[in-house]
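Following: one structure in structure tokens, then a few remarks.
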There are 2 protein chains.
Amino acid sequence: MNQFTSVAPVTNGHAIMAAVETARKPEPLRCSLPFGRAMICGAARYREDRAPDDKVLAGDAPGQHVWFIRSGILRLQRHAYDGHRQILSLFFPGEIVGFDGEFRGEVSVEAATQSSLCRIDRRKFETLVTENDALRADFFRQKQDQLDRLHWLTWSLGALGPEERLCAFLALSTRFMPFQPLPDGTGVLSVELPRKDIADLLGTTVESISRIVHRLDEAGIIEIRDPAHFRLLDLPGLVARGQIDGLFDRMTTGLAIRRHQIESLVAPDSADPICFCGR
Amino acid sequence: MNQFTSVAPVTNGHAIMAAVETARKPEPLRCSLPFGRAMICGAARYREDRAPDDKVLAGDAPGQHVWFIRSGILRLQRHAYDGHRQILSLFFPGEIVGFDGEFRGEVSVEAATQSSLCRIDRRKFETLVTENDALRADFFRQKQDQLDRLHWLTWSLGALGPEERLCAFLALSTRFMPFQPLPDGTGVLSVELPRKDIADLLGTTVESISRIVHRLDEAGIIEIRDPAHFRLLDLPGLVARGQIDGLFDRMTTGLAIRRHQIESLVAPDSADPICFCGR
DNA sequence: CGCTTAATTGACACCAGTCAATACCCGTGG
DNA sequence: CCACGGGTATTGACTGGTGTCAATTAAGCG
């Protein structure tokens with residue numbers, strides 16, 4: 001097991017959940033329960049689920065609320081006149097979307113996978129962010145991470161070929177998609193993103209993705225279990241081909257931390273819908 | 001003369017210069033003179049010039065100061081192992097670079113053209129930005145503009161072909177490079193950026209750039225005066241081909257405003273070096 | 001068991017990158 | 001005044017990768 005197979009340790013960074021709790025009204029919230037420094041609310045009051053391809057944010061409408069991603073993956077995208085779609089960024093659990101005017105123009109945010117979101121009043125969040133230092137720090141950290149990802153994508157689209165981009169993507173995926181490490185240092189990656197989304201993110205086509213995947217399989221770098229499950233036999237090789245040696249940790253520790261936080265907060269087998277509350 | 005040939009009017013947004021002035025120490029600065037709401041300092045004390053390809057910011061060193069671009073164009077870039085370079089963003093007069101950790105990793109900032117910068121102490125600027133609301137608003141506006149540009153580039157690299165990208169770039173260039181409108185609605189664009197930089201920004205090669213330019217010339221969309229001067233015969237056509245109809249104004253008004261501000265502050269024929277002072 | 005959707009595979013064309021040669025501009029210096 | 005040199009732009013020939021189109025297979029699901 002090398003550096004890539006282990007999930008980054010949870011450090012601090014609970015600020016967003018903590019801040020949300022801090023701002024809680026004096027009167028006890030129905031079904032709410034403190035959990036660590038964060039507040040979890042059993043009521044579905046502020047929670048909204050999205051099926052794949054459901055709209056989350058339209059381009060022009062600033063919207064009255066921002067969204068906290070409880071689970072799932074959102075995509076920021078833009079369409080060309082011919083219908084061509086380019087995904088500009090993905091958003092992951094623990095992240096806040098819709099706060100700043102990041103979505104001006106003909107871009108939109110949709111759910112890429114089944115997602116569970118928490119609605120937060122925009123003004124409320126605005127106040128929180130200005131008043132609470134820890135929250136602001138966390139939020140800026142998020143913004144920084146997102147900017148890093150955008151920089152990577154831009155660089156990748158301009159400087160790398162489709163195969164290299166996919167290698168990088170697979171390597172990065174181990175940190176934001178289910179990845180089951182095996183004793184021998186390899187691991188099985190569950191790709192939760194539809195092929196089309198991967199293609200549109202990496203600026204290529206599903207056909208190319210398919211060909212590249214099978215090429216990597218034949219090269220012994222990955223092993224195809226089924227179209228959505230790959231056993232990564234040579235993770236360092238993927239990292240090298242994707243040219244993300246230096247970026248790998250930087251781009252994924254934030255994600256891993258937030259994911260870990262949420263996983264530790266959300267009971268995995270709870271039938272009762274659980275929700276972080278933002279009022 | 002249509003919407004594209006006129007420079008956007010100067011509105012507000014003097015906050016950065018104004019804030020810098022506000023923070024001026026009580027003792028009069030040598031050669032400093034108030035100009036409008038901004039402070040201009042005739043001494044070259046805080047000014048530094050950069051020749052093309054000179055380094056401004058290295059990747060890892062956070063640096064002690066941030067830079068205010070007085071004139072010229074900077075580029076944010078990243079190299080692949082094979083030497084391939086991708087330009088991730090350009091920075092223009094009136095913008096601040098080097099404040100946030102935007103330049104982590106193997107990226108660097110260099111001067112793309114002859115540039116004149118003003119050094120500002122990082123901590124000083126930090127204080128300014130937190131204390132001065134107008135400055136902060138201005139600064140956020142900049143960040144937003146830069147994010148918009150990055151989004152455009154990413155989308156462009158993924159969804160458009162080289163020709164379309166170049167068309168968009170030419171159209172956008174009218175707002176951040178010398179553009180002399182003519183009575184008939186056309187105008188002459190002076191391309192200050194080296195061909196290689198354009199190619200590396202648009203993710204293509206100088207050969208392709210050359211071919212496309214001559215193709216556009218034959219199509220009657222532009223007229224090549226010399227390799228660095230094009231008469232744009234059909235600006236709306238460029239906008240359409242580049243698919244930036246909706247983005248055009250959004251992406252360039254900020255640039256135009258800042259450019260206009262600076263031009264009105266800097267005496268164009270002054271032999272004495274003029275500099276915005278940031279301490 | 002048929003339907004829909006996703007994934008794969010094949011054939012093909014063409015764009016665009018690469019390499020190489022030439023033309024051009026603009027200094028300098030003889 | 002011209003020759004020379006360095007850098008940039010241009011042009012040509014070539015080719016390989018990748019998108020496109022189309023057909024086939026596989027998989028999920030009622």
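Below, read A as the first sequence line, B as the second, and so on, with proteins coming before strands; counting in each chain starts at 1. Quick note: numbers below take in every heavy atom, side chains included, and nothing from hydrogens, waters or symmetry partners. Every value quoted in this text rests on a predicted model; they were computed, and no experiment measured them.
Inspection of the B/Q77 and B/Q86 side chains reveals no N or O donor paired with an N or O acceptor under 3.5 Å. Using modelled atom types and a 3.5 Å distance limit, the side chains of B/T186 and B/R231 yield a donor-acceptor pair.
For B/R165 and C/dC15, the CZ to P distance is 15 Å, given to the nearest whole Å.
Salt-bridge check for B/E164 with B/R241: failed, with every basic side-chain N at 4.0 Å or more from each acidic carboxylate O. A salt bridge links B/D197 with B/R85: the distance from a Lys NZ or Arg NE/NH1/NH2 to an Asp or Glu carboxylate oxygen falls below 4.0 Å. Looking at A/D249 and A/R175, a side-chain N of the basic residue comes within less than 4.0 Å of a carboxylate O on the acidic one, giving a salt bridge. A salt bridge does not link A/E110 with A/K55: none of the charged nitrogens is closer than 4.0 Å to a carboxylate oxygen.
Taking the ring pair (Phe, Tyr, Trp, His ring centres under 6.0 Å) definition, one finds that B/W152 meets it with nothing, sequence neighbours left out.
In this structure a side-chain-to-backbone donor-acceptor pair under 3.5 Å is present from A/S173 to A/F169.
Interface limits on DNA chain D: the 5'-most and 3'-most nucleotides within less than 4.0 Å of chain B heavy atoms are D/dA9 to D/dA13.
Among residue pairs with one or both ends in residues 87-97 of chain A, those qualifying as salt bridge (Lys or Arg N to Asp or Glu O under 4.0 Å) are A/E95-A/R149, A/E95-A/R258; sequence neighbours excluded.
When distances are taken from the side chain of A/R211 to each of C/dA7, C/dA11, C/dT18, the shortest belongs to C/dA11.
A/P162 comes within contact range of the sugar-phosphate backbone alone, with a heavy-atom separation under 4.0 Å but no base atom that close.
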Acceptor/donor pairs from residues 209-221 of chain A side chains to any protein atom, 3.5 angstrom cut, sequence neighbours excluded:
| residue | atom | partner | partner atom | Å |
| --- | --- | --- | --- | --- |
| A/R215 | NH1 | A/E163 | OE1 | 2.5 |
| A/D217 | OD2 | A/I224 | N | 2.9 |

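Contacts between residues 197-210 of chain A and DNA chain D, defined by a heavy-atom separation under 4.0 Å, are made by A/G203, A/T204, A/T205, A/E207, A/S208. For the segment residues 214-232 of chain A, residues with any heavy atom less than 4.0 angstrom from an atom of DNA chain C are, sorted by number, A/H214, A/P227.
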